[in-house]
Amino acid sequence: MSAARVLVVEDEEDIAFPLVRTLEREGYDVTWVDSGEKALEELRTNAAEVVILDLGLPDMDGLEVCRKARELAFEGAIMIVTARAGELDRVVGLDYGADDYLAKPFGLAELQARVRALLRRTSTGPTPVVVVDGLRMDAGARRVFYREAEVPLTGKEFDVLEVLLTNRDKVVSRDKLMADVWDENWYGSTKTLDVTIGRLRQKLEQVKVPERVVAVRGVGFRLEGSGHDV
């Protein structure tokens with residue numbers, strides 16, 4: 001089995017080198033670049049399973065790198081690492097398409113655990129294609145279609161939809177969604193779940209998917225067909 005590829009985007013050598021060495025010792029195939037443009041060029045030409053992305057880059061804000069990577073149809077995981085540790089910063093980062101957010105300073109052991117968790121979430125496997133009301137989810141390819149249109153989801157949006165679709169017409173608690181999608185390594189606010197749910201709803205509505213994500217106040221969320229009463 002080939003090693004998972006990790007792209008480190010960090011302009012400060014004294015931060016980048018320990019990251020690269022640690023990840024290489026874990027057995028990953030690591031590439032390091034020091035600017036946003038180099039990162040995007042790398043993603044255009046070489047596949048990567050995980051991007052570790054600093055926000056304070058010399059040529060562009062890391063959030064723009066994140067957004068443009070998703071526009072390039074990058075489907076791997078993006079983990080933002082930054083000194084911007086406020087809740088609003090986390091929400092904005094997730095809204096731009098990031099899957100995880102790690103505030104500086106951080107321990108290398110925590111970084112390793114988060115990378116492993118992201119790889120578990122984005123790894124392909126023999127999971128079958130699920131089709132409901134014309135909505136088709138291919139868990140192996142991590143792609144979602146409604147009829148002929150693809151629904152362009154980020155990693156976390158896909159994971160949330162997968163949990164909801166697996167439990168269709170049942171209420172899934174907020175705690176279960178946080179545990180299944182962000183797992184035990186997530187220490188941020190649960191508002192990140194609301195942001196992800198909001199983006200997921202918008203994208204499903206844009207292609208007129210009949211399935212709706214309904215909030216059940218004080219409990220969680222339910223995926224249901226358009227024939228149900230809210």
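Residue numbers start at 1 and run along the sequence shown.
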Item checked: Validation row: Glu42, Lys38 side chains within 4.5 angstrom (heavy atoms) -> no
Item checked: Minimum heavy-atom distance Met178-Leu193, with the two atoms named -> SD-CB, 3.7 Å
Notebook entry, point to check: Do the non-hydrogen side-chain atoms of Asp11 and Asp54 ever get within less than 4.5 Å of each other?
Noted result: yes
Next item on the list: Verify the neighbour count for atom CZ of Arg147: are there more than 12 heavy atoms of other residues, nucleotides or ligands below 6.0 Å?
Entry: no
Item checked: Test side chain to side chain contact (heavy atoms under 4.5 Å, CB included) applied to Tyr101 and Leu55, step by step -> CA-CA 11 Å; Tyr101 198 107; Leu55 295 188; 4.1 Å; yes
Margin query: Rounded to the nearest 0.5 Å, what separates atom CG in Asp159 from atom CD in Glu162?
Written below: 6.5 Å
Note to self: Could you check whether any side-chain heavy atom of Phe158 comes within less than 4.5 Å of a side-chain heavy atom of Val151, counting everything from C-beta outward?
What the structure shows: no
Notebook entry, point to check: Is the closest side-chain heavy-atom distance between Leu23 and Ile52 below 4.5 Å?
Noted result: yes
Checklist line | Main-chain N/O of Thr196 paired to Lys156 side chain as donor or acceptor, under 3.5 Å | finding: no
Next item on the list: First locate atom CG of Leu135, then atom OH of Tyr146, and finally report the distance between them rounded to the nearest 0.5 Å.
Entry: 8.5 Å
Check: Any Lys/Arg nitrogen of Arg168 or Glu224 sitting under 4.0 Å from an Asp/Glu carboxylate oxygen of the other?
Finding: no
Next item on the list: Measure the CG-CD distance between Leu19 and Glu24 for me, rounded to the nearest 0.5 Å.
Entry: 11.0 Å
Notebook entry, point to check: Can you find a heavy atom in the side chain of Leu118 that is under 4.5 Å from one in the side chain of Asp99?
Noted result: yes
Margin query: Using every non-hydrogen atom in the two residues, find where Cys66 and Tyr96 come nearest and quote the distance to one decimal.
Written below: SG-O, 3.4 Å
Checklist line | Joint cluster assignment, Leu200 & Leu165, ILVMFWY side-chain distance < 4.5 Å | finding: yes
Notebook entry, point to check: When rounded to the nearest 0.5 angstrom, what distance separates CD in Glu75 from OG1 in Thr154?
Noted result: 11.0 Å
Check: Under a single-linkage definition using a 4.5 Å side-chain heavy-atom cutoff for Ile, Leu, Val, Met, Phe, Trp and Tyr, are Phe17 and Val115 assigned to the same hydrophobic cluster?
Finding: yes
Note to self: So, applying side chain to side chain contact (heavy atoms under 4.5 Å, CB included) with Glu10, which one of Val20, Ile15, Leu57 is it?
What the structure shows: Ile15
Check: From Lys203 NZ over to Leu153 CG, what is the distance, rounded to the nearest 0.5 angstrom?
Finding: 5.5 Å
Margin query: When you compare the side chain of Val144 with that of Arg136, does any pair of heavy atoms fall below 4.5 Å?
Written below: no
Notebook entry, point to check: Are side-chain N/O atoms of Arg5 and Thr31 paired as donor and acceptor at under 3.5 Å?
Noted result: yes
Check: Less than 4.5 Å apart, any side-chain heavy atom of Met79 and any of Leu53?
Finding: no
Next item on the list: Evaluate the criterion side chain to side chain contact (heavy atoms under 4.5 Å, CB included) for residue pair Arg212 and Arg201; output intermediate values, then yes/no.
Entry: CA-CA 7 Å; Arg212 297 177 299 170; Arg201 280 179 173 148; over 6 Å; no
Checklist line | Leu40 to Ala69 - nearest heavy-atom pair and separation | finding: CD2-N, 3.8 Å
Margin query: Tell me whether Asp100 contacts the main-chain N or O of Ile78 through its side chain, where contact means a donor paired with an acceptor under 3.5 Å.
Written below: no
Checklist line | Least distance between heavy atoms, Val171 atom then Gly220 atom | finding: CG1-N, 4.3 Å
Check: Would you say the side-chain atoms of Arg70 pair up with the backbone N or O of Gly97, donor to acceptor, closer than 3.5 Å?
Finding: yes
Notebook entry, point to check: What do the steps show when you test Arg21 against Val30 for side chain to side chain contact (heavy atoms under 4.5 Å, CB included), and what is the final call?
Noted result: CA-CA 9 Å; Arg21 286 197 301 268; Val30 185; over 6 Å; no
Note to self: With a 4.0 Å cut-off on N to O distance, would you call Arg67 and Glu71 a salt bridge?
What the structure shows: yes
Check: Transitively linked via ILVMFWY side-chain contacts under 4.5 Å: Phe221 with Val219?
Finding: no
Check: Side chains of Leu63 and Ile80: does their closest heavy-atom pair fall under 4.5 Å?
Finding: yes
Next item on the list: Please answer: with hydrophobic residues joined when any side-chain heavy atoms are less than 4.5 Å apart, are Leu72 and Val33 in the same cluster?
Entry: yes
Item checked: Trace of the side chain to side chain contact (heavy atoms under 4.5 Å, CB included) decision for Arg222 with Leu164 -> CA-CA 6 Å; Arg222 179 176 63 239; Leu164 293 175; over 6 Å; no
Checklist line | Least distance between heavy atoms, Val9 atom then Ala39 atom | finding: CG2-CB, 3.7 Å
Check: Is Arg44 paired with Glu41 through a side-chain N to carboxylate O contact shorter than 4.0 Å?
Finding: yes
Next item on the list: Specify the closest pair of heavy atoms between Ala149 and Val207, including all atoms of both residues, with the distance to one decimal.
Entry: CB-CG1, 4.2 Å
Notebook entry, point to check: Leu223 and side chain to side chain contact (heavy atoms under 4.5 Å, CB included): which partner among Asp169, Leu161, Val163, Asn167?
Noted result: Leu161
